[in-house]
Protein chains: 4
Amino acid sequence: MIAILKQNTTEPQKKHLIEWFEMQGLKVHVSDGEFRTVLGIIGDTSTMDLEMIELLDIVDSVKRITESFKSANRKFHPEDTVIKVGDVKIGDGSLVTIAGPCSVESEEQILEIAKAVKESGADILRGGTFKPRTSPYAFQGMRQEGIQLLIKARELTGLPIITEIMNAEHLEYFEDVDIIQVGARNMQNFELLKALGRIDKPILIKRGMSSTINELLMSAEYVMAGGNEKVILCERGIRTYETATRNTLDLSAVPVLKGLTHLPILVDPSHATGKRALIEPMSLAGVAAGADGLMIEVHNHPELALSDGPQSLVPEDFDKLMTKIRRVKEAIS
Amino acid sequence: MIAILKQNTTEPQKKHLIEWFEMQGLKVHVSDGEFRTVLGIIGDTSTMDLEMIELLDIVDSVKRITESFKSANRKFHPEDTVIKVGDVKIGDGSLVTIAGPCSVESEEQILEIAKAVKESGADILRGGTFKPRTSPYAFQGMRQEGIQLLIKARELTGLPIITEIMNAEHLEYFEDVDIIQVGARNMQNFELLKALGRIDKPILIKRGMSSTINELLMSAEYVMAGGNEKVILCERGIRTYETATRNTLDLSAVPVLKGLTHLPILVDPSHATGKRALIEPMSLAGVAAGADGLMIEVHNHPELALSDGPQSLVPEDFDKLMTKIRRVKEAIS
Amino acid sequence: MIAILKQNTTEPQKKHLIEWFEMQGLKVHVSDGEFRTVLGIIGDTSTMDLEMIELLDIVDSVKRITESFKSANRKFHPEDTVIKVGDVKIGDGSLVTIAGPCSVESEEQILEIAKAVKESGADILRGGTFKPRTSPYAFQGMRQEGIQLLIKARELTGLPIITEIMNAEHLEYFEDVDIIQVGARNMQNFELLKALGRIDKPILIKRGMSSTINELLMSAEYVMAGGNEKVILCERGIRTYETATRNTLDLSAVPVLKGLTHLPILVDPSHATGKRALIEPMSLAGVAAGADGLMIEVHNHPELALSDGPQSLVPEDFDKLMTKIRRVKEAIS
Amino acid sequence: MIAILKQNTTEPQKKHLIEWFEMQGLKVHVSDGEFRTVLGIIGDTSTMDLEMIELLDIVDSVKRITESFKSANRKFHPEDTVIKVGDVKIGDGSLVTIAGPCSVESEEQILEIAKAVKESGADILRGGTFKPRTSPYAFQGMRQEGIQLLIKARELTGLPIITEIMNAEHLEYFEDVDIIQVGARNMQNFELLKALGRIDKPILIKRGMSSTINELLMSAEYVMAGGNEKVILCERGIRTYETATRNTLDLSAVPVLKGLTHLPILVDPSHATGKRALIEPMSLAGVAAGADGLMIEVHNHPELALSDGPQSLVPEDFDKLMTKIRRVKEAIS
């Protein structure tokens, strides 16, 4: 850790601060410049509250120079983590595809989509059951009933299933789910993360809409610190000023994360863009950027099937997309 | 609600979509332009999923024209909501000051600060007990023990107390707390919001770091839809590209919210800026912008008391600040 | 254009506004909802100042429903624009690579890099001569002398050259340059854009760091409205809260732009990421997202050549990258 | 300057880099931690290109610890700069108000507004003449003719005048203007800034929509480095994800700038918010935050005067606002 002191710091103040650091068992390296003094603080500073130190009157700014995540850190764990779910391996260099509807709506719907994505080569079935909705008046999902339908779809197709949890109290319903998803809005629901650290099941964490890459890794660390090392990360778009897309898919996060952590990284192009026409190009771009997999929404809207054309990615589109995905994956291998 | 159709939409597609809206009990007004058709959809669209409609192949974009929040909407409830906590009234045109430390750390600390802020004229005592920390290795707060210390401080000073909840499972510990705070990171923890809607106690909701004003109101709506109408909103800074301050305090949100809702609005200048020197000017600016109150961190760092100068807002600073706050409040009244 | 009126608008006010629109030669369609009136304004509104109308007391919000760009609009010009520079075609479905150093620093440097990138298959040579630098104390570029060195490099290699202009007064120096670049900081330097609209030479416009896709197209429109239709667009990263990369490369902008305009779109992964390790994955992702070309910085730092390894993309790296780029391009074709 | 080296840096590489810094006349302080080496580089690094150093393979990150602005730096010039324009003093502790229309539209309009704002106590008259418009089809301003009308308004009222320049080639038209404004879109038009550094006239620089506080100061530095030290800064809102306001007025920038520089700081609440109802609260908040002045748009729309109510801040509103502004200024003095 580096602390840069303000110009007008007196010698007694500086001495006092250095002693305080030393009392915490840290070593301090002092470097005096013309206008500023820089303290290099050496030792384990991971429990230290940088914001509190930054509030000190004599401190201009503080900068961590070793990452505060440990279990997720590639530095201490250079080999890629491979997570096995049934026969599927995530993070072993292959490309995994998770596909399915935004919400589980009915048995007919989920079974039909499950069969279709299985045929097209998807590896895992997704489907929302507990739905985080901005409005309390909107459909909140089929909840545990939806999970039962996902399980039926797994029986039919053999595809492992993933669905989102919103509250640790619901954990009992997720016992037979293969991967538990933490949504973007709950990425810093630390009590939920702690609870997921106590179970033995793969956890997929979506990056919060305005979370930094470092914060995403710290959320993974919450789960791993509890003992559950099966964490998968997922980039799904960040909030920016641009309104042409729902969010801005930050594909640079993929190689940045690959450098910082050994955990697998997926990309979700559906939520980020909010537009059907962008799913194909952004899926291919995600693969080219080095993602370990994709998470793609596939719908069938019989109730909305307008006369001459479907809307959003339907099974036939997904099938064509899978062919292109495989070609790009091959090209970069 | 307005739906703008794409240029190449065929007549049968348009007809099909209109029929679908009408099946939901809505009326549709068609307006054909040279390049685009605009549908005006009239009726209660609050349960409708705009994102799903936007995904339709023939739809270019969708825009809500009536707000989707109802209980929080000033349109249906023109008079200001006034929330009473003991003798303190929030939202009645006066200025309420909530003060106290970031975290409750010890009995000595919280009692000393409580006495000091009481003397300076603070109305309510704050103090973190369950702490949402980015790192699992950082101090997670004194939890229920901290709440007991807050209660002692209330006994000593008569100040009502507020502290943050992170999980509905902890609700039992908060029974004797006067106001329950929902932190920025949990603003869209919808399960927590629902649980808080079922109790009868004032809830202060902090705006999420990347939440829109509309989303903040929708979170208030979650609590209110459950039956608890005692909601207080709090602006605490949003995430932007600027790094000179920890977050960017969005003071325009105060008059915008005042126009949209009848709920009281507070401003927290401490978390937003992260710098001691900014607390005074941004507190005064918050008052001038029309806030119903302020939430200010006041510390005493005996362990870090450097020889010739305190660090961050200490009780003496707070006392001087209170005098200035009162003068600005008077000037705008 | 759609104007949504405020709830409390009176009939005479509404009538007055409608008459005002009609006086401008526009037709107005009125749609009355329960709480709001929506005006559909039909006709050419491209000269209209939306912000002024939005300021009107009775107007809640205004939304354009036809784009305000015309010459750049794919709707009026469905076929892709192909721009020829010597033998190179930009926008014809092939992938064009522009490569070269950030700044032209010496004859030796630019000739060496030019030869190297030519051998690796680059199509066009780039090199900064007039440099927009945040600090007035930093190197401002070799200016016209640098352009002369680029011309020498073209003579040697046959590669067309591109360099950035900062001021219309410098246009005379650019007479023998093949493509003139407008940098991100000058994307809304409208006087410069107008001057470039009066010449007959391809103009590459980089997206401003905080410009929307719509604003980028409006800047292209400034050049095209003057008569110069040879405009190339370039995504180079936008400013967001994330600090792990210098900017956030917004690859979704590529397919969004492809839908809105017939102009070619390039991607610059070097400036966006600021990190050598990200250039390869983001170049490949740019190709997979559908870009018409890439703009890549290639350096040779003899003065900084540290003992066992070069720093940033050097010619050998670029050569390997070109092979991968060609494979991904083939995979998506 | 601090450079943090990557973990795998070899001793010869480190030595090589240190030697290179020393060759530039700098001193290097080495601090070896367990995982990282930190170099403290002491001396004048203001001409150094941090981005280039950050690209080096062995460098993890670079941080400036002394500001790169000199003339604008309060450290070297502790007393506030006071800029005199006629009898008006900007930066002397008083509050200066600049008022007038967005654009000069006609003689009648500008004279009428000038008289009105003079009577309400405004100090300086503003009015756009060369207009930076997103669309080439929108009204581009009355240009030099507009400046002549501003001069007439000055003759009538005695108010000094300010208007925006877009291009150094127009400087001749601005000879008789009292303050020249650089708009947000031209804040990094470095060629224009250099030209303004060569004249002797106050320059008001508006913060770019996505510019950092540091970049704003570097733009001031461009003007000052040329010899013109009469620079006024203006916060006018930054681009964020929030769409309830046109931009987000960053009032924290006022006290931050006050700490970093001796130059006067104004606030423009009109452009930032884009809504009439927000001008009053944000003007008062700007004063409370410590601004040296305000820049407020005042309109008169005879052609759009709807039956029972004006639109946007008209002279009568401005008059009432001035009374409140004076009260808040007094309260904080």
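Here the structure is a predicted model, which means the values were calculated and not measured. Every chain is numbered from 1, with letters handed out A, B, ... down the list of sequences.
- There is no contact between D:Lys27 and chain A, counting heavy-atom distances below 4.5 Å.
- Considering only heavy-atom pairs separated by less than 4.5 Å from chain D, the leading option among A:Ile41, A:Ile4, A:Thr243 is A:Ile4.
- Both the backbone and the side chain of D:Ser31 come within less than 4.5 Å of a heavy atom in chain A.
- None of D:Met209, D:Arg239, D:Glu242 except one satisfies the side-chain contact (heavy atoms from CB on, under 4.5 Å) rule with A:Tyr241; the exception is D:Arg239.
- Residues D:Lys63 and A:Ile2 form no side-chain contact, since every pair of their non-hydrogen atoms from C-beta on lies 4.5 Å or further apart.
- Using a 4.5 Å cut-off between heavy atoms, D:Ser61 contacts chain A through its side chain alone, with no backbone atom that close.
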